[in-house]
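Take a look at the structure below.
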Amino acid sequence: TKRIPVGAGLGGGSSDAATTLLALNRIWATRLDRDRLCDIALELGADIPFFIRGFNAFAEGRGERLSPLAVQPAHYALVWPQVHVSTQEIFADRGLTRNTKAMKMSDFSAAADLGSRESAEDREFAGGGLIAQSLAGFGANDLEAVVRRRYPVVTEVIEHLAHFGPARMTGSGSAAFAVVNDEATARAAVTELPSQWRGWAVKGLSEHPLAPW
């Protein structure tokens with residue numbers, strides 16, 4: 001039963017593809033290891049290996065070089081304005097720039113370490129909230145500016161979520177999320193939304209449910 005909306009930039013299709021590969025590998029007893037499955041997955045989509053590995057990671061290259069990240073599960077407010085965005089369309093937009101400064105794993109780890117130290121010192125934040133918030137402002141989504149220009153409602157969603165925590169678009173849109181302190185804040189952020197929007201209060205996972213496979 002799939003509840004991830006299509007065209008929202010949430011990786012639903014890639015997750016489906018990964019799940020299919022994992023399931024067939026088990027049903028057919030092909031005994032392919034994760035490395036081989038990731039090789040196959042990369043031919044289908046750049047972010048599918050992430051779901052094959054099944055852990056939080058810093059991705060490099062086309063998405064195939066994954067370095068594990070020990071990030072505690074945090075709470076998120078997720079809003080989808082029910083607008084379908086074509087990833088192909090966004091990548092083909094002439095306004096898409098590719099000159100963002102490359103991120104380094106060491107910089108990312110430093111941001112996570114800072115959040116971890118702050119989280120230990122500030123008990124009003126639940127779980128990995130501060131760690132996730134310290135990472136929320138790290139880097140940039142080059143697709144966001146293009147999507148916001150084409151679909152102004154995405155800007156409205158981000159501005160709404162920004163009242164509750166660091167907010168940004170997810171993937172190629174049109175959904176956006178905010179990292180929040182706790183479940184109550186997440187629920188408040190998705191209450192009384194415009195009728196055409198849909199929202200969810202969710203908690204992150206440290207491991208994909210099929211990771212043991």
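Just so it is clear, the model here is predicted, and its values are computed rather than measured.
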Carefully, step by step, assess Leu78 and Leu10 under the rule side chain to side chain contact (heavy atoms under 4.5 Å, CB included). CA-CA 10 Å; Leu78 178 66; Leu10 293 169; 3.8 Å; yes
Using the rule given for salt bridge (Lys or Arg N to Asp or Glu O under 4.0 Å), can you reason through Asp93 versus Arg149, listing the C-alpha separation, both sets of side-chain angles and the distance that settles it, and then say yes or no? CA-CA 11 Å; Asp93 191 292; Arg149 171 169 51 80; 2.8 Å; yes
Is there a side chain to side chain contact (heavy atoms under 4.5 Å, CB included) between Leu22 and Arg34? Walk through the geometry before answering. CA-CA 9 Å; Leu22 289 168; Arg34 297 267 171 171; 3.9 Å; yes
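Expressed to the nearest 0.5 Å, how far CG of Leu42 lies from CD1 of Ile48 amounts to 8.5 Å. To the nearest 0.5 angstrom, Ser67 atom OG is 7.5 Å from Phe58 atom CZ. A distance of 13.5 Å separates CZ in Arg53 from CD in Glu207, rounded to the nearest 0.5 Å. How far OG of Ser172 is from CG of Asp142: 13.0 Å, rounded to the nearest 0.5 Å. Interatomic distance, Ser86 OG to Phe91 CZ, rounded to the nearest 0.5 Å: 10.5 Å. From Leu66, atom CG reaches atom SG of Cys38 across 7.0 Å, with rounding to the nearest 0.5 Å.
Just one residue in the list Leu96, Val154, Val153, Asn141 forms a side chain to side chain contact (heavy atoms under 4.5 Å, CB included) with Val147, and that residue is Val154.
The minimum heavy-atom distance linking Phe50 with Asn56 is given by the pair CE1-CA, 4.4 Å. Between Val157 and Ala176, the shortest heavy-atom contact is CG1-CB, 3.8 Å. Contact detail for Val180 and Tyr76: the closest heavy-atom pair is CG2-N, 4.1 Å. Shown here for Arg150 and Ile90, the closest heavy-atom pair between the two residues is CD-CD1, 3.8 Å. A pairwise comparison of heavy atoms in Gly63 and Pro49 identifies O-CB, 4.3 Å as the closest pair. The two residues Gly171 and Leu143 have their closest heavy-atom pair at O-CD1, 3.9 Å.
Surrounding CZ of Arg187 are at most 12 heavy atoms belonging to other residues, nucleotides or ligands under 6.0 Å away. No more than 12 heavy atoms of other residues, nucleotides or ligands lie within 6.0 Å of CD in Glu192, so this atom counts as exposed by the packing criterion.
One hydrophobic cluster, built from ILVMFWY side chains closer than 4.5 Å, holds both Trp80 and Val202. Hydrophobic clustering places Ile52 together with Leu32 (ILVMFWY residues linked when any side-chain heavy atoms are closer than 4.5 Å, directly or through intermediates). In the hydrophobic clustering of ILVMFWY residues, with side-chain heavy atoms under 4.5 Å counting as a link, Phe177 and Val85 come out apart. Residue Leu205 is not grouped with residue Phe51 when hydrophobic side chains (ILVMFWY) are merged at heavy-atom distances under 4.5 angstrom, including chains of intermediate members.
Here the side chain of His160 pairs no donor or acceptor atom with the backbone of Val190 at under 3.5 angstrom. The backbone N or O of Gly11 sits nowhere less than 3.5 Å from a side-chain atom of Ser15 that would complete a donor-acceptor pair. Panel note: side chain Thr170, backbone Gly9; a donor-acceptor pair is recorded below 3.5 Å. Glu60 places no side-chain N or O within 3.5 Å of a backbone atom of Arg65 that could act as its donor or acceptor partner. Under the 3.5 Å distance criterion, the side-chain polar atoms of Arg198 are left unmatched by any main-chain donor or acceptor of Gln82.
With 3.5 Å as the limit, one finds a donor-acceptor pair spanning the side chains of Thr185 and Asp182.
Between Leu21 and Leu44 the shortest side-chain heavy-atom distance falls below 4.5 Å.
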